[in-house]
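All residue numbers in this chain count up from 1 along the given sequence. Note that ligands are numbered from 1 as they come in the structure, with each ligand's atoms numbered from 1 the same way. Quick caveat: nothing in here was measured; it's all calculated off a predicted structure.
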Amino acid sequence: MNSDMIIVLDFGGQYNQLIARRVRECNVYCEVHPYTMSLDEIKKLAPKGIILTGGPNSVFAKDAALCSKELFEMGIPVLGICYGAQTMAHVLGGEVATAPVSEYGKTTVEVDTKCKLFKDVHGTSICWMSHTDYIAHMPAAFKNTGRTENCPVAAMANEENGLYAVQFHPEVLHTEEGTKMLQNFVYEICKCEATWKMDSFVDTAIEELRAKIGDGKVLCALSGGVDSSVAAVLLSKAVGEQLTCVFVDHGLLRKDEGDEVEAVFGPTGPYKLNFIRVNAQERFYEKLKGVTEPEAKRKIIGEEFIRVFEEEAKKIGKVDFLGQGTIYPDVIESGLGKSATIKSHHNVGGLPDHVDFKEIVEPLRMLFKDEVRAAGIQLGIPENLVYRQPFPGPGLGIRIIGEVTAEKVRMVQDADAIFREEVARAGWGKKINQYYAALTNMRSVGVMGDGRTYDYAVALRAVTTTDFMTAEAAPLPFELLSKVTDRIVNEVKGVNRVLYDCTSKPPATIELE
Ligand code: XMP
């Protein structure tokens, strides 16, 4: 890809991906690399600018993550953010200390608008702060270009050498003029051209895939989710019928979803590819019989999926490439230390052990989710598929608490279809990020007509979130909840009670298992 590039050197801050996304929103290509990347490797990438991220530690802690002084002498502009700003100060001979008053949250900042980083920015605005250390003394040749009440060096610059530092977080939208500051860095300071756009990405990716695959055969697991769908369409545009997609219907999909996927990718759909649908419902239900422990269910579903996929692959025989819908956050996350496993996530992209292929192709490897969606639209994939809400790999298997049976799947599918239909009708679909019905394992007494019932309770879950790491329960109007409840208890046999989950994440998670 021949775009100008900015690299983000990651010191372990929580906003590392966000910085890269913001840069890409300026239509400038940006990659995240660990702070340990060598100067030679950096030179090879020839970035037009470097951004140092925040990080959880102190620059004066034992074994602190630091970069070398030479990084600042390469003639490439550098922007240090938060811990990155302190690193710049420390490495270049300034002094970092624990601030007498730490700042957290929205803070008024005053900046020097003559500094290129603050061109067209108001002299006083709100920024987002989160720090306990601060720059107590600037290195020689730096000018103080910003301050808050408790942080005298909230920004500093050595403009002659293209070095800029801000204690606050321009990438967080609470910083009112943060986007402008990042634009100033990439356009004014690094002189990048705004060439990173999804239409050119799609054209280039298709050409690159053609060159790489030649007349080879590609096999791809298709789940109907956004990532695997966009990857499959990109591959099919590149190599057409050399691509075979295997879609495993594990019987844990939403109502009618299997048929919807087939309608788009199957023989009557708009794409020319070999589509194989495997109806493996019974197999999965059999394996899940009597299993109630959430992690055990997840593992069984993940493993069975791979087995089914391998069996199909064996029928096809040797292929040259295995296509996967890996996206950039997966790449970044797998390159860093993993935090505690709360749930073992199963994605349809998991690697099979016994498929005969030479190489993996991952056409979306460098894209963030919003870019994948933009590429999907560019490729003409229907909007309802491109803007689909996330759906976990183990599907309804983790939305049925306790043992999974075909009968329970039917109940949860029907309840969920009603909930989704009413949410859409009430115009709430675009306001919430994920919503579904789950089947609790609780049965309770009710009365229907003149008779006693002893049936299941459905839990409705709807959340708003930006990153799915934290989430709030959505304040759905009571009339909507009440309408959904009436419909579910009347239309779904076996359900006599509907509950709304008001818990945020944390302490709950988005899925129930
Ligand atoms: P939790 O339940 O961990 O979910 O708060 C966060 C987000 O991840 C989705 N999720 C999964 N996605 N495979 C996936 O591809 C999985 O195994 C899986 N488990 C949870 C969940 O739907 C939510 O969007």
Item to check | Contact check: I510 vs ligand 1, nitrogen or oxygen atoms, below 3.5 angstrom | outcome: yes

Checklist entry - Short list, please: which atoms of ligand 1 are under 4.0 Å from a heavy atom of K505? => result 1 (P), 3 (O), 5 (O), 6 (C)

Checklist entry - Does one side chain, of N433 or T464, offer a donor that lies under 3.5 Å from an acceptor on the other? => result no

Item to check | Element-labelled atoms of ligand 1 that are located less than 4.0 Å from some non-hydrogen atom of P390 | outcome: 24 (O)

Item to check | Atoms in ligand 1 flagged as close to F468, the criterion being non-hydrogen separation under 4.0 Å | outcome: 6 (C), 24 (O)

Checklist entry - Do the two ring centres, one from Y104 and one from W128, sit under 6.0 Å apart? => result yes

Next on the checklist: Can you name the atoms of ligand 1, numbered from 1 with element, that are less than 4.0 Å from a heavy atom of T509?
Outcome noted: 1 (P), 2 (O), 5 (O)

Checklist outcome for this item: Out of E511, R399, M469, E513, the nearest non-hydrogen contact to atom 21 (C) of ligand 1 is supplied by E511

Checklist entry - In terms of side-chain geometry, is the basic nitrogen of E171 or R22 positioned less than 4.0 Å from the acidic oxygen of its partner? => result no

Checklist outcome for this item: Counting from 1 in the order shown, the ligand 1 atoms closer than 4.0 Å to a non-hydrogen atom of G393 are 13 (N), 14 (C), 15 (O), 16 (C)

Checklist entry - Does a salt bridge link D414 with K255, judged by any charged N lying under 4.0 Å from a carboxylate O? => result yes

Checklist entry - What distance separates E304 CD from E286 CD, expressed to the nearest 0.5 Å? => result 10.0 Å

Next on the checklist: Under 3.5 Å, is there a donor on one side chain and an acceptor on the other for E31 and Y29?
Outcome noted: yes

Checklist entry - Would you call Q389 a ligand 1 contact, heavy-atom distance under 4.0 Å? => result no

